[in-house]
Amino acid sequence: MDRNLSLITPTGRLTLGNHLGALHRFVAAQDEGHDCFFGLSDLHALTTPQDPAVLRATVREMATLFLAAGLDPSRVTLFRQSQVPAHRELAYLLECTAYTGELNRMIQFKEKGRGVPSTRASLYTYPVLMAADILLYRPSSVPVGDDQRQHVELTRDLAIRFNHTYGSVFVVPEVTLPRVGARVMDLQDPGRKMSKSVDPDTGVIRLLDPPDVVRRKVARAVTDSDTGPSAVRPSPDKPGVTNLLEILGACGGSADGITTYGALKSAVTEAVVATLEPLQKAYAELADDPSYVDSVFAAGSVRCREVTASVLADATAAMGL
Ligand code: AMP
């Protein structure tokens with residue numbers, strides 16, 4: 001079975017998009033018996049300013065939600081990136097092989113930070129840390145969406161260059177397309193992805209939103225002025241309605257017989273609330289025992305340290321240190 005590795009950065013609270021597009025997939029990979037590593041990339045969070053207390057709370061909430069969503073620590077490894085020092089150690093070694101010319105070409109840096117004097121240096125080197133995150137676990141393939149594709153291409157380039165210069169240490173991963181999952185759009189702006197880090201979050205359903213908040217957000221979702229008999233249908237020129245139909249389907253509901261936007265929104269609310277209910281119930285129980293959640297992630301981090309130790313040691317020795 002192939003090794004499966006995914007990290008989520010703890011900036012902002014998890015959304016329905018994260019659930020349907022990521023956690024759901026994680027649980028499916030676990031159930032298929034893959035050797036899975038799912039982590040919180042708390043070091044990546046520091047590439048932009050974070051209030052330490054908020055970061056701590058976000059990490060705890062996300063860790064608890066990983067378990068509440070059905071990830072089973074007896075079958076998968078759950079960890080925090082910062083608790084596995086090999087990530088930052090290998091990142092430094094790789095920084096000593098990466099070229100500034102390569103990092104200058106990274107589109108995310110160009111869009112998010114270049115030219116702004118207060119941009120953190122870590123935002124510039126972030127793709128190298130991501131390369132370390134991947135190469136440490138020797139996955140044969142990395143499924144990524146378009147936004148991360150360039151970073152995984154860089155990971156391949158760094159691995160190939162390192163192996164060529166210092167001897168064969170890294171497995172060069174293939175870049176593959178992720179399994180098609182639900183892509184949830186913002187309820188207020190259906191032209192963009194529902195994101196955990198937008199504020200205000202009126203178009204974002206958080207996993208821990210109570211039913212009345214879900215109802216309010218869905219009720220205010222943008223649709224259009226079509227009042228015809230076939231208004232409720234997916235179409236490229238109806239992004240808001242299409243998104244609501246996708247959410248409804250992904251949450252196990254059906255639009256059969258629905259002809260008005262009011263009825264569609266009621267059905268979406270009901271389906272989303274039903275999807276979130278078991279997760280929120282499990283969350284409430286787990287949140288009563290934070291030391292259990294901490295112990296799960298501490299044990300996962302120990303396993304990561306064991307699994308990655310030889311890769312780090314090989315890379316260190318190969319460079320002459
Ligand atoms: P992000 O929240 O962008 O850090 O992404 C974390 C994970 O959640 C990635 O696997 C994303 O593909 C997934 N994800 C984030 N937002 C959405 C969304 N709106 N719809 C589907 N998947 C999403």
Side-chain angles (χ1 to χ4, degrees), residues 4-30 34 36-48 50 55 58-59 61-63 65-66 68-71 76 78-81 107-108 111-112 123 126-127 129-130 133-134 139 141-152 175-199 201-209 214 217-218 221-222 239-240 242-251 268 271-272 275-276 279:
N4 209 299
L5 171 77
S6 268
L7 298 173
I8 298 190
T9 304
T11 45
R13 303 174 59 217
L14 288 178
T15 73
L16 184 66
N18 294 124
H19 184 55
L20 299 175
L23 292 179
H24 209 71
R25 233 171 356 99
F26 294 0
V27 174
Q30 159 185 286
H34 292 278
C36 297
F37 291 79
F38 298 126
L40 299 176
S41 39
D42 44 5
L43 297 174
H44 288 299
L46 295 181
T47 55
T48 53
Q50 306 293 334
L55 178 60
T58 307
V59 165
E61 182 179 293
M62 267 192 200
L65 280 168
F66 271 34
L71 292 174
V76 298
L78 304 175
F79 70 103
R80 281 174 61 182
Q81 186 191 27
I107 296 162
Q108 280 205 345
E111 286 174 353
K112 288 191 183 163
L123 188 69
Y126 145 85
L129 177 58
M130 183 169 157
D133 297 336
I134 295 169
S141 67
V142 181
V144 280
D146 277 346
D147 59 336
Q148 292 298 328
R149 196 175 176 89
Q150 195 190 26
H151 293 155
V152 183
V175 189
T176 55
L177 287 173
R179 213 183 293 187
V180 189
R183 186 171 157 83
V184 182
M185 309 307 278
D186 190 284
L187 298 178
Q188 287 298 315
D189 180 1
R192 71 160 192 236
K193 210 175 78 163
M194 184 180 282
S195 160
K196 60 179 151 48
S197 35
V198 296
D199 185 34
D201 67 355
T202 43
V204 177
I205 297 173
R206 307 270 180 199
L207 292 187
L208 295 178
D209 278 348
V214 173
K217 287 177 175 172
V218 174
V222 168
T242 303
N243 187 35
L244 289 174
L245 287 167
E246 292 233 337
I247 293 173
L248 181 61
C251 290
V268 170
V272 171
T275 297
L276 298 186
L279 194 138

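Quick note: numbers below take in every heavy atom, side chains included, and nothing from hydrogens, waters or symmetry partners. As the structure is a computational prediction, the values presented were derived from the model and not from experiment. Just follow the structure's listing: the first ligand is 1, and inside any ligand the first atom is 1.
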Inset, instruction - Report yes if some heavy atom in the side chain of Leu245 is under 4.5 Å from a heavy atom in the side chain of Val268; otherwise report no. - result: no
Legend entry - Shortest protein contact, atom 9 (C) of ligand 1 (heavy atom only): Ala22 CB, 4.3 Å
Inset, instruction - Indicate the ring-plane relationship of Phe26 and Phe38, choosing parallel, tilted or perpendicular according to the 30° and 60° boundaries. - result: parallel
Legend entry - Nearest neighbour in protein (non-hydrogen) for atom 11 (C) of ligand 1: Lys193 NZ, 4.5 Å
Inset, instruction - Mark up the atoms of ligand 1 that fall under 4.0 Å of a heavy atom belonging to Lys196, in ascending order. - result: 1 (P), 2 (O), 4 (O)
Legend entry - Numbered atoms and elements of ligand 1 in range of Arg183, under 4.0 angstrom, heavy atoms: 20 (N), 21 (C)
Legend entry - Any N or O of Gly17 closer than 3.5 Å to N or O of ligand 1: yes
Inset, instruction - List the steps and the verdict of salt bridge (Lys or Arg N to Asp or Glu O under 4.0 Å) for Asp189 and Arg192. - result: CA-CA 6 Å; Asp189 180 1; Arg192 71 160 192 236; 3.7 Å; yes
Legend entry - Close approach, Asn18 and ligand 1, non-hydrogen under 4.0 angstrom: yes
Legend entry - Ile8 N/O to ligand 1 N/O under 3.5 Å: no
Legend entry - Verdict with reasoning, Thr176 to Val142, per side chain to side chain contact (heavy atoms under 4.5 Å, CB included): CA-CA 6 Å; Thr176 55; Val142 181; 5.9 Å; no
Legend entry - For atom 21 (C) of ligand 1, closest protein heavy-atom neighbour: Ala182 O, 3.2 Å
Inset, instruction - Do me a favour and list the nearest non-hydrogen protein atom to atom 20 (N) of ligand 1 with residue, atom name and distance? - result: Val184 N, 3.0 Å
Legend entry - Given Leu207, Thr11, Val204, the one that forms side chain to side chain contact (heavy atoms under 4.5 Å, CB included) with Lys196: Thr11
Inset, instruction - Could you tell me which atoms of ligand 1, counted from 1 in the order shown, lie closer than 4.0 angstrom to a heavy atom of Arg25? - result: 10 (O)
Inset, instruction - Carefully, step by step, assess Gln150 and Gln148 under the rule side chain to side chain contact (heavy atoms under 4.5 Å, CB included). - result: CA-CA 6 Å; Gln150 195 190 26; Gln148 292 298 328; over 6 Å; no
Inset, instruction - Salt-bridge test for Asp201 and Arg206: reply yes if a basic N is under 4.0 Å from a carboxylate O, no otherwise. - result: yes
